Amino acid sequence: MERWQKVRARARDAPPDDLAVALAVEGRHGPVIHATNRPARLAGIALGARVVDVKAVCPDLHVGHADPAGDRRALERLMLWARRWCPWSVVDASGGAADGLILDTTGSAHLLGGEAAMLTDMEARLSGLGLTSRVAVAPTWGAAWALARHGGERAICGAEEVAVRLAPLPASALRLDAATLLLLRRLGLKTVGALAEVPRLSLTRRFRREGLAGNPLLRLDQAMGRLAEPVASAEAHPRIVSELRLAEPIEDPTGVLPELFADLCARLARHRLGCRRLSLSVYRTDGEVSTVAAATAAPSADAVHLRRLFDDKLERIDPGFGFDLIVLCAVTVEPVAPLQTRLDGKADDDLHLPLLVDRLVARFGARSVGRPVPRASHLPERAEAMAGALAVPDTAAPPNRPPDRERPLRLLPSPEEVRVVYGVPEGPPAQFVWRRKTHRVARHAGPERIAPEWWTDRPGTRLRDYFRVEDQDGLRLWLYREGLHEDGRGGDPRWFVHGIFS
């Protein structure tokens, strides 16, 4: 709901704060309520209710369209952002909807001033993002989930307090499905404490065939800590670090770096990982720490190549009175699948393009080297953009496609207009002048029609009809006609050369 409100506020179309607002998604029998704001909750509008039924109770309700997929992507980005407080975090969808985060703060709370100070910092930072939050700290995932949603605005629960703190909470605090909750209400088991007092043998017989969300005993054991429920952090790769402790302080690390890089790459190879970003830290005898970093265009586990990326960076390290500890860390890693490029089972040693890119970036800087990336566009001149050579590929971008034989590999920097001497109304020109030379069309193929992109182009932009033509000398060109006769968007059509076939 808050994400929807921020989008509407940027569009200057946000509803008043006192207006009841609900977001709906399609259900089995029509739209159902997916999210509500505070006035809607105070009006008694429940999640999952049909919009037509709610409208009869609250005629002034403003209903918008929910975007669950966009909410999930935003929550995943927030999950990575929340790792400022701990190294392990995951999107919480255990209650049936992805509407929370679980952070494993074991061993990190004391670094932030304690659990209370950590929760205060969480609330302050989330509030700065325009998000309200309900935070709780507990020994188990299930207890933290229950206290955050049913235990007040903020809750801190110790290991010995779990049973007491959960007892007055409703049975829905155990992350059970609707059918199980309905059955428990019919049995009179409305709280966690009432459920815990029932003999386990009776409940085991009733729920022995139910899944995790339908078995209250399993959920109760998870909340009480009797059944493990570890945090499986997304994109959790093993930490690859190589350390070298020296018997005596040195001032130049050049002689010991090959051994350090060889050990790091051996660790990467064991996990089938390649390094994208790595850092080299030297610990001086006076307590100072100096760090330099490097990045690669593609995942790499080549010790020689990674070592050469630091040739021009070691000069930035101030040795002081010497250093006795060097730490090399693979900051960002990616999976690397074994690749066979030769029939004898070995890799092709001539594929040096990523190595060349890394060397150029190390010498001239990341902003000086770019690479083309595909863009989602129908127009040829917009189907490609330049990105940094070390930028991580966007998973949402269109995949690289093999070259289209019906389109030229070489496009002109900008389409060049030609003067048509004679042409067929709906076909290609029979004769045209381009670059002060008259070309007579011997054969052609097409057309391929590309319509304007209405979400980008200005009103009145004309469509294009592309033709592949060959002149009397064998020159093959890619022409297009801009517009049609009497299309109401200008005068006569114009012709342009956009590419040259090899």
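As the structure is a computational prediction, the values presented were derived from the model and not from experiment. Below, each value reflects all heavy atoms present in this structure, side chains not excepted, and no hydrogens, waters or symmetry copies.
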Within this structure, what is the [atom1]-[atom2] distance for the pair [X] and [Y], rounded to the nearest 0.5 Å?
| X | Y | atom1 | atom2 | value |
| --- | --- | --- | --- | --- |
| R72 | M79 | CZ | CE | 8.0 Å |
| S281 | I317 | OG | CD1 | 8.5 Å |
| L23 | H34 | CG | NE2 | 7.5 Å |
| K313 | S279 | NZ | OG | 12.0 Å |
| L264 | L306 | CG | CG | 7.5 Å |
| M122 | R134 | CE | CZ | 16.0 Å |

Identify which one of T291, V292, V327 satisfies the side chain to side chain contact (heavy atoms under 4.5 Å, CB included) criterion when paired with L280.
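The single option meeting the side chain to side chain contact (heavy atoms under 4.5 Å, CB included) with L280 is V292.
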Could you tell me which residues satisfy ring-ring contact (aromatic ring centres under 6.0 Å, His included) with F261, sequence neighbours excluded, listed by chain and number?
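Counting only residues at least two positions away or on another chain, F261 forms a ring-ring contact (aromatic ring centres under 6.0 Å, His included) with F310.
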Non-neighbouring partners of W85 that pass ring-ring contact (aromatic ring centres under 6.0 Å, His included), sequence neighbours left out:
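W85 satisfies ring-ring contact (aromatic ring centres under 6.0 Å, His included) with W81 only.
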Non-hydrogen side-chain atoms of [X] and [Y] separated by less than 4.5 Å:
| X | Y | value |
| --- | --- | --- |
| I326 | Y283 | no |
| L147 | L169 | yes |
| R284 | V289 | no |
| L217 | R200 | yes |
| V162 | P139 | yes |
| I500 | P408 | no |
| L260 | E243 | no |
| P253 | L244 | no |

Just checking, is any N or O donor in the side chain of [X] or [Y] under 3.5 Å from an acceptor N or O on the other one?
| X | Y | answer |
| --- | --- | --- |
| S300 | D302 | no |
| R154 | T120 | yes |
| T140 | Q222 | no |

Which heavy atom of [X] sits nearest to which heavy atom of [Y], and what is that distance?
| X | Y | value |
| --- | --- | --- |
| A117 | G113 | CB-O, 3.6 Å |
| E334 | P299 | OE1-CG, 3.3 Å |
| V241 | C329 | CG2-SG, 3.9 Å |
| A223 | A143 | O-CB, 3.8 Å |
| G142 | E229 | N-OE1, 4.0 Å |
| S377 | R382 | OG-CB, 3.2 Å |

Could you tell me whether a side-chain N or O of [X] sits under 3.5 Å from a main-chain N or O of [Y], the two making a donor and an acceptor?
| X | Y | value |
| --- | --- | --- |
| T180 | L176 | no |
| E197 | A194 | no |
| R267 | I240 | no |
| D457 | E453 | yes |
| D221 | R226 | no |
| R219 | R175 | yes |
| E115 | I156 | no |
| K6 | L129 | yes |
| T296 | C275 | yes |
| S108 | T105 | yes |

If you apply the rule side-chain contact (heavy atoms from CB on, under 4.5 Å), what do you find for L220 with V192, and how did you get there?
CA-CA 8 Å; L220 184 63; V192 177; 3.8 Å; yes
Flag yes if more than 12 heavy atoms outside [X] fall under 6.0 Å of its [atom1] atom; otherwise flag no.
| X | atom1 | value |
| --- | --- | --- |
| R149 | CZ | yes |
| R38 | CZ | no |
| E259 | CD | no |

Should E384 and L411 be marked as a side-chain contact (heavy atoms from CB on, under 4.5 Å) after you check the CA-CA gap, both sets of side-chain angles, and the distance that decides it?
CA-CA 11 Å; E384 187 176 273; L411 293 180; over 6 Å; no
Is any side-chain N of the basic residue among [X] and [Y] closer than 4.0 Å to the acidic one's carboxylate O?
| X | Y | answer |
| --- | --- | --- |
| R407 | E448 | yes |
| R245 | D324 | no |
| D104 | R83 | no |

Between V256 and I250, is a side-chain contact (heavy atoms from CB on, under 4.5 Å) present by the stated rule, with each step listed?
CA-CA 10 Å; V256 298; I250 62 174; 4.3 Å; yes
Between H150 and W145, how do the two ring planes meet: parallel, tilted or perpendicular, split at 30° and 60°?
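H150 vs W145 ring planes: tilted.
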Where does the angle between the aromatic ring planes of W478 and H498 fall among parallel (under 30°), tilted (30 to 60°) and perpendicular (over 60°)?
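W478 vs H498 ring planes: parallel.
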Determine, step by step, whether L174 and L195 satisfy the side-chain contact (heavy atoms from CB on, under 4.5 Å) criterion, reporting the C-alpha distance in whole Å, the side-chain angles of both residues, the deciding distance to 0.1 Å, and the verdict.
CA-CA 10 Å; L174 293 179; L195 182 64; 3.5 Å; yes
